[in-house]
Number of protein chains: 2
Amino acid sequence: MDQESQQVKQPRGAKRRARTRANLLMAARKVFATRGYHDATITEITETAAVGLGTFYLHFCDKEEIFNTVLTEGREAIRQQVGEEIAHEGIFSLPVVVRAIFHQVYAQRDILRIERTGEGIAARSGGPGMLMEMFTRFLEQVTDLSPFSEEEIPLLAALLEGLMDRAFHCWWDEQDEPGSDLIADRVLYVMRHGFPASLFEDPQQHSSLP
Amino acid sequence: MDQESQQVKQPRGAKRRARTRANLLMAARKVFATRGYHDATITEITETAAVGLGTFYLHFCDKEEIFNTVLTEGREAIRQQVGEEIAHEGIFSLPVVVRAIFHQVYAQRDILRIERTGEGIAARSGGPGMLMEMFTRFLEQVTDLSPFSEEEIPLLAALLEGLMDRAFHCWWDEQDEPGSDLIADRVLYVMRHGFPASLFEDPQQHSSLP
């Protein structure tokens with residue numbers, strides 16, 4: 001009888017525990033987004049989450065651990081939602097992949113900003129790794145990469161990832177506009193057509209024309 | 001008389017001082033390239049430079065300071081040599097700029113590797129900043145950026161910089177081949193023509209063809 005009631009209780013305890021953890025993570029995300037890594041305090045996180053300070057230490061060792069957990073879970077959420085958006089579109093082409101990534105990163109741009117406040121502390125594996133993995137998987141499905149060879153998939157994935165990364169940080173680190181659709185259009189233009197043709201001429205020759 | 005001889009002596013002392021400093025920096029660059037930031041010791045640096053330990057502290061506070069000085073001066077040397085290579089070519093077009101950057105970064109690829117061993121310690125301002133500045137200056141000279149506007153120069157510069165950055169790190173962090181000419185060709189192809197056209201189709205549609 002005692003054993004049975006314990007078996008019933010344990011999942012309930014685990015659920016409550018998971019709820020408290022999620023609650024702490026949501027509060028931490030809010031506090032890090034406002035204060036940045038260095039100025040955020042564990043006390044402010046627990047006050048925002050409306051739990052005692054002791055409860056924090058049941059779930060996380062320190063500020064650095066909860067910071068990296070916020071980032072890891074944020075990135076994982078982005079990855080999942082990008083996957084869902086692509087599946088929903090039903091087309092697996094570069095514009096669909098790129099638009100989905102821009103949409104979801106924009107929707108969770110607080111993660112970009114939080115990451116930036118903790119440079120050197122933020123575990124870096126997640127960021128470039130996630131997009132590299134997506135683009136590699138995408139490129140492996142493409143049958144004709146000419147004039148590139150299959151061996152060059154890592155380079156192509158890295159170049160695509162580099163373009164996305166710089167586009168994210170170009171505005172969204174500090175402002176909300178322009179939003180994801182406009183940025184996706186501009187970046188997709190470059191991906192499809194390259195940079196403006198005039199960049200490949202010598203502008204000094206033009207300026208010396210009469 | 002005494003004052004006069006001091007005035008003569010001072011520049012000599014300054015010269016010797018500068019020579020010792022350059023000597024220490026060259027030794028540090030070698031030691032950091034071999035051991036990485038974390039395993040390098042000040043003793044190994046002074047032994048390689050053939051100076052006493054006390055001499056080190058006349059020039060630098062600690063390992064972090066000499067590490068960041070190696071990086072800053074290395075980047076400055078790359079920037080200068082890129083400028084010289086472009087001036088020597090006499091043409092200021094994207095292919096010339098891109099090739100010059102690849103040549104010089106490849107020639108000093110130990111700087112990339114050293115930087116990477118000290119992530120979180122390495123002052124970051126130099127890296128992306130240097131290329132962003134070069135590309136911004138270049139783009140400001142181009143009269144026709146269509147379909148982009150002048151307001152989009154920061155985005156275009158960031159995208160170009162992102163492509164270069166990823167290309168550097170794709171191989172040169174760990175291996176010496178392929179060298180700068182081949183990488184420049186591949187990256188310039190993408191810059192000029194965009195990514196392979198088939199990436200913009202839905203590969204799943206192709207695979208479902210009979």
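Lettering of chains follows the sequences in order, A, B, ..., and the numbering in each one begins at 1. Owing to the predicted nature of the structure, the values given are computational and were not obtained by experimental measurement.
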Max heavy-atom pairs within cutoff under 4.5 Å with chain B, candidates A:Pro154, A:Pro147, A:Ala197, A:Ala167, goes to A:Pro147

Counting neighbours of NE2 on A:His88 that are heavy atoms of other residues, nucleotides or ligands and sit closer than 6.0 Å, is the number greater than 12? no

Select all residues of residues 39-55 of chain A having any heavy atom within less than 4.5 Å of some heavy atom of chain B, and report them by number, or 'none'. none

In Å and rounded to the nearest 0.5 Å, what is the CD to CD1 distance from B:Glu201 to A:Ile91? 12.0 Å

Most heavy-atom pairs under 4.5 Å with chain B, out of A:Ser146, A:Pro196, A:Ala157, belong to A:Pro196

Side chain, backbone, both or neither of B:Ile183 within contact of chain A (heavy atoms, under 4.5 Å): neither

Between A:Arg166 and B:Asp165, is there a side-chain heavy-atom distance shorter than 4.5 Å? yes

Taking the six-membered ring for Trp, are A:Phe148 and B:Phe195 ring centroids under 6.0 Å apart? no

Just wondering, more than 12 heavy atoms not from A:Arg113 lying within 6.0 Å of its CZ? yes

Which distance, rounded to the nearest 0.5 Å, do you find between the SG of B:Cys170 and the CE of A:Met132? 6.0 Å

Hey, are the side chains of A:Leu199 and B:Leu145 touching, using non-hydrogen atoms and a 4.5 Å cut-off? yes

Out of B:Leu139, B:Val96, B:Val190, B:Leu160, which one racks up the most heavy-atom pairs below 4.5 Å with chain A? B:Leu160

Determine the option with the most heavy-atom pairs under 4.5 angstrom with chain A, choosing from B:Leu155, B:Asp144, B:Val97. B:Leu155

Which value, rounded to the nearest 0.5 Å, describes the distance between A:Ser149 atom OG and B:Arg186 atom CZ? 7.0 Å

Can you give each donor-acceptor pair under 3.5 Å made by side-chain atoms of residues 25-32 of chain A, sequence neighbours left out, with the distance rounded to 0.1 Å?
| from | atom 1 | to | atom 2 | distance (Å) |
| --- | --- | --- | --- | --- |
| A:Arg29 | NE | A:Asp110 | OD2 | 2.6 |
| A:Arg29 | NH2 | A:Gln108 | OE1 | 3.0 |
| A:Arg29 | NH2 | A:Asp110 | OD1 | 3.0 |
| A:Arg29 | NH2 | A:Asp110 | OD2 | 3.3 |

